[in-house]
Amino acid sequence: MIPRFKPTLGIQELLAALHPARSDDIEQFENDFAHLMGQKHALAFAYGRTGMIHLLKAIGLENKEIICPSYTCIVVPHAIVFSGNRPVFVDCAEGGFNMDLDKVEKAITPKTGAIISTSLFGYPVDLDRLSILQHKYPHISIIQDCAHSYGAEWNGIQIQQAGIAAVFGLNISKMITSIFGGMVTTNDSTLFKKLSVLRNQSSQKVNRTKSLRRFAYLLSCYPVFWEPIYGLVNWLERKHFIDHFVKYYDELLIDMPDDYQEQMTAIEARVGRANINHYFDRVKSCRQAAHMYFDRLGNRIDMILPPQIHGATYSHFVVRVKDPDYWLKKATRKGIQLGWIIEYNIPEVQAYGCHSPQTFPVSAEYSRSAINLPVWGGEKLADRICRLFEND
Ligand SMILES: *Cc1c(COP(=O)(O)O)cnc(C)c1O
């Protein structure tokens with residue numbers, strides 16, 4: 001079975017993992033990452049969400065309203081809550097996946113401390129409009145959630161260049177992976193110093209067992225995503241046997257993983273650093289796959305294709321269909337795993353108050369209709385997938 005996502009892992013990552021630990025493994029990864037992103041500083045964390053919590057604290061925000069999308073990964077508002085602040089949700093713009101910036105402006109109050117702007121699925125946020133907002137409200141910090149926006153550009157400017165800082169996710173579903181992990185980048189040296197102090201004070205050193213577990217996890221990634229084996233993995237996932245590894249939230253709780261305050265392990269840092277070498281090819285694969293999907297699926301009447309936008313990377317190629325379950329099952333029969341990407345509208349989730357779908361109608365609609373096609377294999381894989389659907 002063709003997996004919905006697949007980390008790009010080669011022999012380099014394996015060798016990096018096996019390499020004896022050095023005291024500066026994490027720092028080296030941070031330096032290389034900062035360099036790649038064109039930023040002065042980068043700081044590694046156990047998860048992207050941990051970086052977000054520390055960043056909000058380092059900026060000095062407490063008891064503030066933090067504006068974030070209603071349609072994004074649920075770990076983002078969790079991080080806001082854990083930082084001692086309150087999320088204020090804003091719906092997507094009609095026809096796009098990012099926040100509606102008119103609605104962002106309407107959501108601003110004297111208590112607003114920051115705006116977390118996400119370039120969802122690799123669609124660049126409108127940096128011109130964000131910059132107008134920043135001039136109008138200079139005391140509000142703009143944070144870029146770059147978990148999906150690796151390589152995404154607005155008028156030739158990469159998203160992480162705008163705003164006070166950017167947060168990246170590095171788990172195995174992201175464009176660059178360090179197995180788990182997250183990164184914060186910034187050009188602001190004062191903020192960077194505060195963030196380093198906060199992180200170093202609160203983060204506990206990891207024990208050897210965890211490093212071994214991470215190594216085992218990495219090793220398992222090589223066979224697990226292999227097509228002949230992946231059918232079994234998919235079956236186990238559907239039967240909820242591997243929830244421990246794949247389920248990342250609980251409808252009822254605003255919580256964090258047990259190890260969220262720990263440091264990134266040295267083995268993760270070495271793997272992440274090696275994985276940077278695959279980055280440009282990876283971005284290219286996503287774009288090529290997306291263009292093939294636009295060409296070949298553009299005429300279908302049973303799915304709504306996502307917008308085609310210059311500067312987008314299509315980290316996820318998200319189409320909208322009437323009945324996602326029907327499509328997921330149909331694809332499974334054809335040997336393709338489609339993803340049901342962000343199948344929730346956060347304000348509707350019980351932990352965030354069970355708001356009615358009408359309150360955030362666009363994201364409510366997306367959460368009920370969005371599925372994603374694999375992009376990790378570039379044109380070759382996209383062609384295979386198109387053919388499977390064309391022979392239908
Ligand atoms: C992956 C992701 C993050 C960070 O997730 P972690 O699991 O905490 O590393 C943040 N925002 C979005 C939109 C994401 O997809």
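Just so you know, these numbers come straight off a predicted model, no measurement behind them. Read the numbers this way: they start at 1 and go in the same order the structure lists the ligands and their atoms.
Against a heavy-atom cut-off of under 4.0 Å, Asp145 is close to the following atoms of ligand 1: 10 (C), 11 (N), 12 (C), 13 (C). Under a 4.0 Å criterion applied to the non-hydrogen atoms of Thr72, ligand 1 contributes the atoms 13 (C).
Gln308 contributes atom CD, which lies 7.5 Å from atom CG of Asp295 (distance to the nearest 0.5 angstrom).
In this structure, Tyr260 has its ring center at least 6.0 angstrom away from the ring center of Phe45.
Counting protein heavy atoms only, atom 5 (O) of ligand 1 is closest to Val75 CG2, 3.7 Å. With respect to atom 7 (O) of ligand 1, the closest heavy atom belonging to the protein is Arg49 NH2, 2.8 Å.
Closest of all the heavy-atom pairs between Val246 and Glu237 is CG2-CG, 4.1 Å.
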| Could you walk me through whether Gln261 and His54 pass the side chain to side chain contact (heavy atoms under 4.5 Å, CB included) check? | CA-CA 10 Å; Gln261 293 271 39; His54 283 82; 3.6 Å; yes
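Annotation: Arg384, atom CZ; neighbour count of heavy atoms from other residues, nucleotides and ligands within 6.0 Å does not exceed 12.
The side-chain heavy atoms of Tyr314 and Tyr123, taken from C-beta on, include a pair separated by under 4.5 Å. The shortest side-chain heavy-atom distance between Asn372 and Phe121 does not fall under the 4.5 Å cut-off.
Summarising the contacts of atom 3 (C) of ligand 1 with Ser315, Ala147, Ser173, Gly182, the nearest heavy atom is found in Ala147. Selection from Met256, His78, Lys174, His148 by nearest heavy atom to atom 2 (C) of ligand 1 gives Lys174.
Note: no N/O pair closer than 3.5 Å links Thr50 and ligand 1 by distance alone. Where the criterion is an N or O separation shorter than 3.5 Å, residue side chain and backbone included, Gly48 meets it with respect to ligand 1.
The side chain of Val76, and not its backbone, has at least one atom closer than 4.0 Å to an atom of ligand 1 (non-hydrogen atoms only; side chain from C-beta on). Under 4.0 Å from ligand 1, the heavy atoms of Asn171 that appear belong solely to its side chain.
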